[in-house]
There are 2 protein chains.
Amino acid sequence: MPPRPCCDALSTWLEPGTLRALGDPSRATILLRLAGADGPQTVGQLAAGLPVDMSVVSRHLKVLRDVGVVTAERRGREIRHRLDCADLVHMLRNLADALEACCELAPAAPVPLAATTGTTPTTREDPA
Amino acid sequence: MPPRPCCDALSTWLEPGTLRALGDPSRATILLRLAGADGPQTVGQLAAGLPVDMSVVSRHLKVLRDVGVVTAERRGREIRHRLDCADLVHMLRNLADALEACCELAPAAPVPLAATTGTTPTTREDPA
DNA sequence: GACATCCTTGCGTCTCCATGCAAGTTTCAC
DNA sequence: GTGAAACTTGCATGGAGACGCAAGGATGTC
């Protein structure tokens with residue numbers, strides 16, 4: 001089978017490393033706290049609200065830094081962490097686009113007639 | 001700290017289970033093959049091009065079905081698998097939007113004016 | 001019915017990783 | 001210098017999961 005353009009894009013943007021980093025519940029909680037905080041957070045601040053040791057939080061933050069989702073800046077004794085969403089948002093949107101393109105090209109059943117895949121099933125709905 | 005709207009959305013769309021399912025290299029390969037194929041693929045077809053046992057592919061497909069990324073349809077002896085991107089694309093886009101909103105609200109540097117690092121900020125209503 | 005094909009599941013193994021504790025490193029205060 | 005605070009890292013442990021093999025359904029063919 002010839003390679004498809006959508007497949008190239010998909011292989012580019014489907015990054016198991018980044019997705020796995022986001023796929024851990026503890027790291028997801030840390031991301032949520034970083035997102036909900038009023039500014040950069042220290043390791044101690046993040047660990048204070050979590051039921052795990054500070055060393056665990058430190059290691060999770062390293063994983064998140066390694067995939068570029070979090071950046072850190074030394075400030076005296078403290079190290080202030082903040083979300084760095086730009087690359088991640090870019091990746092997620094490109095991944096979504098690539099998936100959508102692939103699914104539009106490969107419908108469920110082999111199209112028997114000129115059945116256009118007209119309905120774009122992008123149900124936009126957000127929580128309250 | 002008070003919850004922010006973007007944080008609510010983020011906690012809604014940051015699904016560790018789905019992200020973890022996508023975060024395995026073998027499963028990513030399976031997804032790529034499903035995306036690049038010309039139509040629904042059987043377990044045997046998918047396993048044929050992978051260096052793992054068919055039972056492994058079968059289990060990976062079950063994981064992908066459980067998170068709604070892949071659907072299966074029995075066809076005689078065979079079970080035809082295909083990508084089911086709609087929900088995943090929806091999730092990825094909402095996750096990207098939520099992340100972007102959070103990062104716009106929490107810039108790198110803390111707010112200079114009248115924002116002492118105390119418990120001052122109570123639910124700043126965001127423009128977005 | 002018997003048999004083959006396609007796939008799933010039970011089981012044992014092995015690797016990875018999340019975690020906690022303790023020790024080490026870096027920075028600031030004195 | 002000494003000491004404290006804020007993190008990081010080394011080490012051990014427990015659990016989850018990825019894998020292969022073999023046995024067990026499910027379905028079609030004869």
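Convention: sequence-line order gives letters A, B, ...; per-chain numbering from 1.
Ranked by how close their nearest DNA chain C nucleotide is to the 5' end, B:Gln45 and A:Asp24 are led by B:Gln45.
Atom OG1 in B:Thr12 sits 10.5 Å away from atom CG in B:Leu95 (nearest 0.5 Å). Separating the CD atom in A:Gln41 from the CG atom in A:Leu46 is a distance of 5.5 Å, to the nearest 0.5 Å.
Within 4.0 Å (heavy atoms only), B:Pro51 reaches sugar-phosphate atoms of the nucleic acid but no base atom.
Judged by distance alone, with hydrogens and angles left aside, the side-chain atoms of B:Gln45 form a donor-acceptor pair with the main-chain N or O of B:Thr42 at under 3.5 Å. The backbone N or O of A:Ala35 sits nowhere less than 3.5 Å from a side-chain atom of A:Arg33 that would complete a donor-acceptor pair.
A continuous path of hydrophobic side-chain contacts links A:Val89 to A:Trp13 [ILVMFWY only; heavy atoms under 4.5 Å]. Note: the hydrophobic cluster containing B:Leu32 also contains B:Val56 (ILVMFWY, side chain heavy atoms under 4.5 Å, direct or indirect links). Cluster membership for A:Val63 and A:Val57, using ILVMFWY side-chain heavy atoms within less than 4.5 angstrom, is not shared.
Rounded to a whole Å, the CG atom of B:Leu61 is 17 Å from the P atom of D:dG17. Distance CD (A:Glu78) to P (D:dA4): 19 Å, rounded to an integer number of Å. One atom, CG of B:Leu50, and another, P of D:dG20, lie 10 Å apart when rounded to the nearest Å.
The shortest distance between the side-chain N/O atoms of A:His81 and the OP1/OP2 oxygens of D:dC7 is not below 4.0 Å. Between A:Arg20 and D:dA16, a side-chain N or O to OP1/OP2 separation shorter than 4.0 Å is absent.
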Pick out the pairs of N or O atoms, protein on one side and nucleotides 9-12 of chain D on the other, that lie under 3.5 Å.
residue: D:dG10; atom: O6; partner: A:Arg59; partner atom: NH1; Å: 3.4
residue: D:dG10; atom: O6; partner: A:Arg59; partner atom: NH2; Å: 2.9

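When the SG-SG distance for B:Cys7 and B:Cys102 is compared with the 2.5 Å cut-off, it comes out at or above that value.
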Exercise. Which letters describe nucleotides 24-30 of chain D, given B = protein heavy atom under 4.0 Å from base, S = only from sugar-phosphate, - = neither?
Worked result: ---BS--
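Chain B approaches DNA chain C over the interval C:dA4 to C:dC11, counting the first and last nucleotide 5' to 3' with an atom under 4.0 Å from its heavy atoms.
Evaluation of the side chain to side chain contact (heavy atoms under 4.5 Å, CB included) rule for B:Val67 yields B:Thr18, B:Ala21, B:Val69 as partners, not counting sequence neighbours.
Identified under the salt bridge (Lys or Arg N to Asp or Glu O under 4.0 Å) test for residues 42-51 of chain A, with sequence neighbours left out: none. Sorted by first and then second residue, the salt bridge (Lys or Arg N to Asp or Glu O under 4.0 Å) pairs involving residues 42-69 of chain A (not counting sequence neighbours) are A:Lys62-A:Asp66.
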